[in-house]
Amino acid sequence: MAAAKNEGVEKMEKVVSLCKRRGFVFQGSEIYGGFVGSFDYGPYGVELANNIKAAWWKAMVQGERNIVGLDSAIVTHPKVWEASGHVGGFSDPLVECRECNTRSRADHLLEEVDVFADEKMSVEEINTLFDANRDKLVCPKCGQKNFGTVRQFNLLAQTNLGNFSEDWSKEPAYLRGETCQGIYINFKNVLDSTRVKVPFGIAQIGKAFRNEIAPRQYIFRKREFEQMEMQMFVSPEEEMSLYEVWKAKRMQYYIDLGFKPENLRFHEHENLVFYAKAAFDIEYNFPFGFKELEGVHARGSYDLTQHQTFSGVSMEYTDPYTNAKYIPHVVETSVGLDRTFLAVMSEFYDEDELGGETRVVLRLPKQLAPIKVAVFPLLKNRPELIAKAEEVFALVSKEMRAEFDDNGNVGKRYRRQDEIGTPYCVTIDFETLGEEKPELKDTVTIRHRDTGEQVRVAISDLIDTLK
Ligand code: ATP
């Protein structure tokens, strides 16, 4: 167990170091000493993040006949968050160390000593549990065991956008705590403006904000993060069968992306919120253990009913075949982009030996790789090689994200591309110019990331071979 933990810590350090070294992820506001819970995606990170979003959109929107997309506003009418229950009840249990004033999540401290506090516990219940374990609970900052009492802390972040009064915090607007509320409030708009019929889904990718008490584990828990959510509006009768369909589809999605099945598992929520019918998490085996990657939930008619009550606008749906009237129920799939990013980096990070040298290699599936192909002139100081390589680069970069590299020996250039997961490197050499063997004129070598194998192809076949 301890060995597994150390291995995990080591793996995490390697992933974090690679992310920084190669410009995938930077600490937010680094030149100002950092800003807790915020991270920036660098040049390769933004490519990977965009590819993850594209893969999700392809699976959830392009590949589904009855799911449509949406991009709703981040800041909405404040009533949205009253209706959703976030203003009243979107909180985590906060406890402060009396020695160093560090704030921690009480449930996370308990989890460290294998005591599980349910997120639905009242503040009294969690205090009782916390008191019963005080002798074991240590402050992660100073190591002391002197905590105050646990209180509930609301995670919704406020903003004065559109409010010009002096004490705007009396009537704040909110940065959305989840993207799905934007979907619920547009249910009627989508229904009335498109040809969808229940069951149908609305998918959205976008930023969400939570005042996380103790953001930790790198990009796993951020204060500003991105979600990819799909809400499927279904009849009450179909809710549970479609829930099972989506549970299975979402698990298969990760397998299809190339994740090992043993690194994924379902975790059932034991104590559901009162309106929910069922809730499963898909957990991934992060370097720090199995943790929630995605939630799949059967939410009943709660969400639309709440917005109907608070807005006064009917959310009723009339079935065009049976004329039955009802408020649709919701099956939700909700995953964080940042958690997927970390899962992808962990899953495909590898070290091996190739040609007698050890190397770091990101075995990313082609569709996720930030750079699909790197183009190298064999030598930097031969204008005719450079000119030909530039010609090849112009050709491939029209079709896919490519990189031109003429720096250092070719072996070093391969290692650099292996580290960022580039599936192919194309080298332009003297044979390409036809100088040595005329029959090889206008051919290049393609080197494969995973095996190091090299093949020679005609430039005219290059795009087809790389695709
Ligand atoms: P957790 O229990 O880990 O706080 P949650 O159950 O509150 O997560 P949901 O509200 O179900 O999470 O959000 C759906 C998804 O959004 C999560 O499965 C996760 O991938 C992502 N997510 C939630 N909070 C964060 C965060 N602070 N940083 C990054 N991703 C997050």
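Keep in mind that what you see is a predicted model, and the values were worked out from it rather than measured. Counting starts at 1 for both ligands and their atoms, in listed order.
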Other residues, nucleotides and ligands only: do more than 12 of their heavy atoms fall within 6.0 Å of CZ on R134? yes
F24 and Y41: aromatic ring centres closer than 6.0 Å? no
Between R210, H108, E292, which one has a non-hydrogen atom sitting closest to atom 7 (O) of ligand 1? R210
Give the atom numbers and elements of ligand 1 that come within less than 4.0 Å of a heavy atom of K222. 26 (C), 27 (N), 28 (N), 29 (C)
Please report whether ligand 1 has a polar contact with Q227, defined as an N or O pair separated by less than 3.5 Å (distance criterion only). yes
Residue portion contacting ligand 1 (non-hydrogen atoms closer than 4.0 Å) for R221: both
Please confirm whether Y254 and Y284 have ring centers closer than 6.0 angstrom. no
Atom 29 (C) of ligand 1 - nearest protein heavy atom and its distance: F220 O, 3.2 Å
In plain terms, say whether D405 and R416 are close enough for a salt bridge, that is, a side-chain N and a carboxylate O under 4.0 Å apart. yes
Will you find, in the side chains of H307 and Q181, an N or O donor that is under 3.5 Å from an N or O acceptor? yes
Please report whether ligand 1 has a polar contact with H297, defined as an N or O pair separated by less than 3.5 Å (distance criterion only). no
Under 3.5 Å between any N/O of D338 and any N/O of ligand 1: does that happen in this structure? no
Indicate whether the side chain of E82 and that of Y174 have a donor and an acceptor atom separated by less than 3.5 Å. no
Subset of ligand 1 atoms that lie under 4.0 Å from at least one heavy atom of S334: 13 (O), 14 (C), 15 (C), 18 (O)
Quick check on ring-ring contact (aromatic ring centres under 6.0 Å, His included): which of F341, F39, F288 does Y218 satisfy it with? F39
Would you check whether I219 has a nitrogen or oxygen atom less than 3.5 angstrom from a nitrogen or oxygen atom of ligand 1? no
For ligand 1, is there an N or O atom under 3.5 Å from any N or O atom of G336? yes
Is ligand 1 under 4.0 Å from a heavy atom in the side chain of L293, in the backbone, in both, or in neither? backbone
Look at atom 25 (C) of ligand 1 and find which of F225, F90, F209 reaches it with the closest heavy atom. F225
Any donor-acceptor pair under 3.5 Å from N133 side chain to K136 backbone: no
Determine, using heavy atoms of E178 and all atoms of ligand 1, whether some pair is separated by less than 4.0 Å. no
Does the gap between the ring centers of H448 and Y424 come in under 6.0 Å? yes
closest protein heavy atom to atom 19 (C) of ligand 1 is R339 NH1, 3.5 Å
Test: R221 and E212 ion pair at under 4.0 Å: yes
Test of understanding: given a 4.0 Å heavy-atom threshold, classify the contact between E294 and ligand 1 as side chain, backbone, both, or neither. backbone
